[in-house]
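The figures that follow rest on heavy atoms only: side chains count, while hydrogens, waters and symmetry mates do not. Residue numbers start from 1 in every chain, and the chains themselves are labelled A, B, ... in the order their sequence lines are given, proteins ahead of strands.
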There are 2 protein chains.
Amino acid sequence: MVATGYEAVPAVAPGAVPRHDSLVVMKFGGTSVGDTERLRAVAERLAAARDAGHRVVGVLSAMGHTTDELLDLAHAVSARPQPRELDMLVSVGERVSCALCAMALIDLGHAAVSLTGSQAGIVTDTVHGKAKIVEVRAQRIHEALDRGEIVLVAGFQGVSTESEVTTLGRGGSDTTAVALAAALGAGTCEIYTDVEGVFTADPRIVPAARKLDRLTYDEMLELAASGAGVLQLRSVEFARNHGVTLHVRSTFTGTDGTWILEEDERMLEKAMISGVAHTLEETVYRVEGVPAARLFSALADAQVNVDTIVQTGPEIVFSAPDGDRVAAAETLDGLGARWSATEDLGKVSVVGAGMKSHPGIAAKTFATLEAAGIEPRVVSTSPIKIACHVGRDEVERAVVALHEAFALQVAGGRSDG
Amino acid sequence: MVATGYEAVPAVAPGAVPRHDSLVVMKFGGTSVGDTERLRAVAERLAAARDAGHRVVGVLSAMGHTTDELLDLAHAVSARPQPRELDMLVSVGERVSCALCAMALIDLGHAAVSLTGSQAGIVTDTVHGKAKIVEVRAQRIHEALDRGEIVLVAGFQGVSTESEVTTLGRGGSDTTAVALAAALGAGTCEIYTDVEGVFTADPRIVPAARKLDRLTYDEMLELAASGAGVLQLRSVEFARNHGVTLHVRSTFTGTDGTWILEEDERMLEKAMISGVAHTLEETVYRVEGVPAARLFSALADAQVNVDTIVQTGPEIVFSAPDGDRVAAAETLDGLGARWSATEDLGKVSVVGAGMKSHPGIAAKTFATLEAAGIEPRVVSTSPIKIACHVGRDEVERAVVALHEAFALQVAGGRSDG
């Protein structure tokens with residue numbers, strides 16, 4: 001039995017139907033369900049929440065490396081696996097986790113049922129591999145919850161408006177969980193993962209990195225977009241748009257993790273800089289001779305994940321993951337653009353809602369990088385973020401230097417100096 | 001490219017829609033799709049049939065040991081995996097094969113689509129793990145065939161009348177294939193396997209065993225029921241009831257295998273004894289004090305696969321697989337029966353449609369066993385079969401002796417002597 005941090009809901013009178021007990025959506029990632037032993041631990045965690053009187057919906061990812069193994073099979077039979085069939089293939093991973101977890105729960109003496117994305121009513125558009133949820137028809141989930149069952153929903157997948165199996169793209173289980181929390185009216189969506197929460201920087205690079213207790217949606221969005229891998233960007237957007245509080249926490253401990261919720265004054269005073277995020281494997285393109293609208297529409301059609309866009313003159317500069325290089329090059333050539341690319345870059349981003357009310361963060365960021373002998377190639381900012389593309393081999397030094405400069409190991413950080 | 005044995009359908013005039021080309025259902029078992037290389041070979045075989053002008057429906061089993069591996073996972077999380085969840089779990093295996101095969105076909109330049117049992121319209125009753133097909137709603141298959149696509153259908157599974165995923169039990173992919181052949185009006189259902197057809201005995205025990213060119217449904221039913229593992233019993237029943245000709249043949253060669261079809265006079269003259277089948281791991285129960293109807297109704301409810309039933313006095317004798325021992329014992333105790341069980345038995349069966357018109361087969365069978373020093377414990381017969389339960393360690397000797405006695409290595413056999 002693992003600790004859960006749940007408060008027991010007051011018992012209801014015998015015979016009364018506890019229809020208004022609180023509903024909780026608990027999402028467990030691939031590491032959390034990495035083997036059958038861990039799956040049983042997840043089942044115990046779900047059971048504890050149910051025992052405390054909650055209506056419980058679990059959203060599970062595929063076990064460990066299942067999805068990668070399925071992709072390996074696909075590439076063994078086809079040079080370019082067809083997207084519709086790829087979705088039929090990889091969607092089985094979450095179904096396996098959920099069925100096993102339901103069995104484990106039933107073994108523990110609880111009523112439970114697993115549902116595919118389709119059975120759970122996750123309706124998406126028709127874009128295979130990167131489908132977007134357009135509607136949640138939660139009738140079957142409600143019926144199961146009304147019967148007192150713990151409901152396990154296969155993450156990452158749905159059924160399209162054309163009755164085809166679709167997947168939401170990597171990390172899509174987060175989006176499934178948030179969409180369900182929104183549709184079911186759950187106040188909180190708990191995201192269980194193999195780390196204790198969101199940190200001020202990657203602890204593998206900055207050992208002094210500190211777990212953040214709270215973040216605003218905007219901060220989490222910037223961090224997720226800037227490389228903090230703990231949550232998928234779309235799931236945070238979805239949570240913000242539907243007012244779902246997220247709680248990112250460890251599968252393996254009972255302690256609180258990081259809460260992600262609407263900004264309030266109290267938080268503003270506390271957090272100036274929330275963290276330093278980074279990505280590796282960025283390519284920066286410099287393009288001339290194509291109107292921006294036409295350029296980015298073509299790149300979107302080619303499924304290139306454009307990240308940063310900056311323009312100060314006739315030249316348009318944008319970045320995209322190294323993995324999208326072939327698609328980007330084909331698109332740019334197809335448009336007849338004059339273009340060049342700088343590969344082997346990374347990006348370091350300083351993120352904080354407090355930035356809005358504290359000038360001087362940009363200056364300090366540049367001074368810190370300069371002192372470390374690092375020259376930014378591209379700079380882009382938002383109201384709560386400063387991002388600098390730097391050489392890939394300079395990224396780690398930049399993260400360490402900025403974490404230190406903003407004293408992020410101390411709660412609240414500091415902007416002076 | 002593998003040899004296929006298909007005759008090319010005459011080419012249609014340009015612009016004409018070949019709506020009336022012949023439809024073929026081709027079923028491939030787990031060994032045939034054992035790895036990605038074999039899956040690609042299966043794809044080539046399906047493609048060759050399509051290239052020859054046929055409308056092609058492929059029914060695939062799960063790859064190699066996938067189903068067993070999934071069952072191992074289930075037993076790792078639950079002592080008694082719940083049947084509904086078990087079906088959710090194990091049904092993914094065939095879905096993986098089909099999606100991979102569709103990708104491989106598309107890679108070969110063919111249009112193809114994979115369908116789950118549910119998408120293919122295989123509607124079953126609600127008995128998880130051993131569901132029966134009640135209807136095939138083939139609309140989606142017809143649409144895909146009309147678009148010229150090769151359709152891959154996940155074997156072994158369907159969707160129940162209560163919208164739950166069901167499985168048809170071990171070997172259920174054969175039944176899927178036959179049901180589709182019947183529903184789609186395909187004249188022949190091809191069952192591809194890792195042997196060249198149905199043999200007069202297990203070639204591992206009788207090296208001189210001979211491949212049979214033709215069998216009647218009844219003979220195949222008796223052989224399947226008596227341990228010839230090449231076809232599932234229910235699929236043969238289904239084929240007989242719907243007039244679907246079966247062709248059991250090798251995945252790895254282009255030669256004809258064994259045709260299973262309606263009895264005709266010509267066949268009667270040819271085949272007297274078709275083969276000797278055997279099973280191991282049989283337990284024989286002797287029961288008193290319970291009416292037969294009540295006894296077998298209770299055993300059916302407990303999912304005990306009762307095989308032979310014989311009764312000559314107050315004692316009811318029946319056999320069932322060793323694997324059902326716990327369920328059988330619980331049922332018998334629950335009924336308050338007086339009972340005993342003999343374990344470690346096997347069964348050897350002599351099968352042949354010609355038996356009906358040739359008396360003396362029983363006598364010869366008993367004489368052969370007696371000469372080999374083997375004493376049958378239970379004997380049961382049908383018009384075309386004589387079955388004897390013998391000690392498990394006597395089964396192989398009995399098979400060899402009977403195969404030799406009936407000269408089955410020679411086409412037609414002989415009943416004299």
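Heavy atoms closer than 4.5 Å to chain A are found in the side chain of B:R84, but not in its backbone. Contact of A:E37 with chain B is not made at all, since no heavy-atom distance falls under 4.5 Å. Looking at A:I106, only its side chain comes within 4.5 Å of chain B, counting heavy atoms on both sides. In this structure, no portion of A:V90 lies under 4.5 Å from any heavy atom of chain B. For a residue to count as touching a neighbouring chain, one of its non-hydrogen atoms must lie under 4.5 Å from one of that chain's; by this rule A:L115 touches chain B with backbone and side chain alike. Using a 4.5 Å cut-off between heavy atoms, A:L86 touches chain B through backbone and side chain atoms alike. For B:T116, the parts lying near chain A are the backbone and the side chain together; criterion is any non-hydrogen pair under 4.5 Å.
A:F28 places none of its side-chain heavy atoms less than 4.5 Å from the side chain of A:R38.
Between B:E164 and A:R140 there is a salt bridge, since a side-chain N of the basic residue sits under 4.0 Å from a carboxylate O of the acidic one.
Identified by a heavy-atom distance below 4.5 Å to chain B, the contributing residues of residues 63-77 of chain A are A:M63, A:L70, A:L73, A:A74, A:A76, A:V77, in residue-number order. Residues from residues 128-136 of chain A never place a non-hydrogen atom less than 4.5 Å from a non-hydrogen atom of chain B.
A donor and an acceptor atom, one from each side chain of B:T167 and B:D87, are located under 3.5 Å apart.
Counting heavy-atom pairs closer than 4.5 Å to chain B, the top-ranked of the candidates A:G93, A:S78, A:A112 is A:S78. Between chain A and the residues B:A102, B:S163, B:S114, B:A104, the largest count of heavy-atom pairs under 4.5 Å involves B:S114.
Checked by atom type and distance alone, the side chain of B:R249 pairs as donor or acceptor with a backbone atom of B:G254 at under 3.5 Å.
Nearest heavy-atom pair, B:V113 versus B:A144, reported as atom, atom and distance to 0.1 Å: CG1-CB, 3.9 Å.
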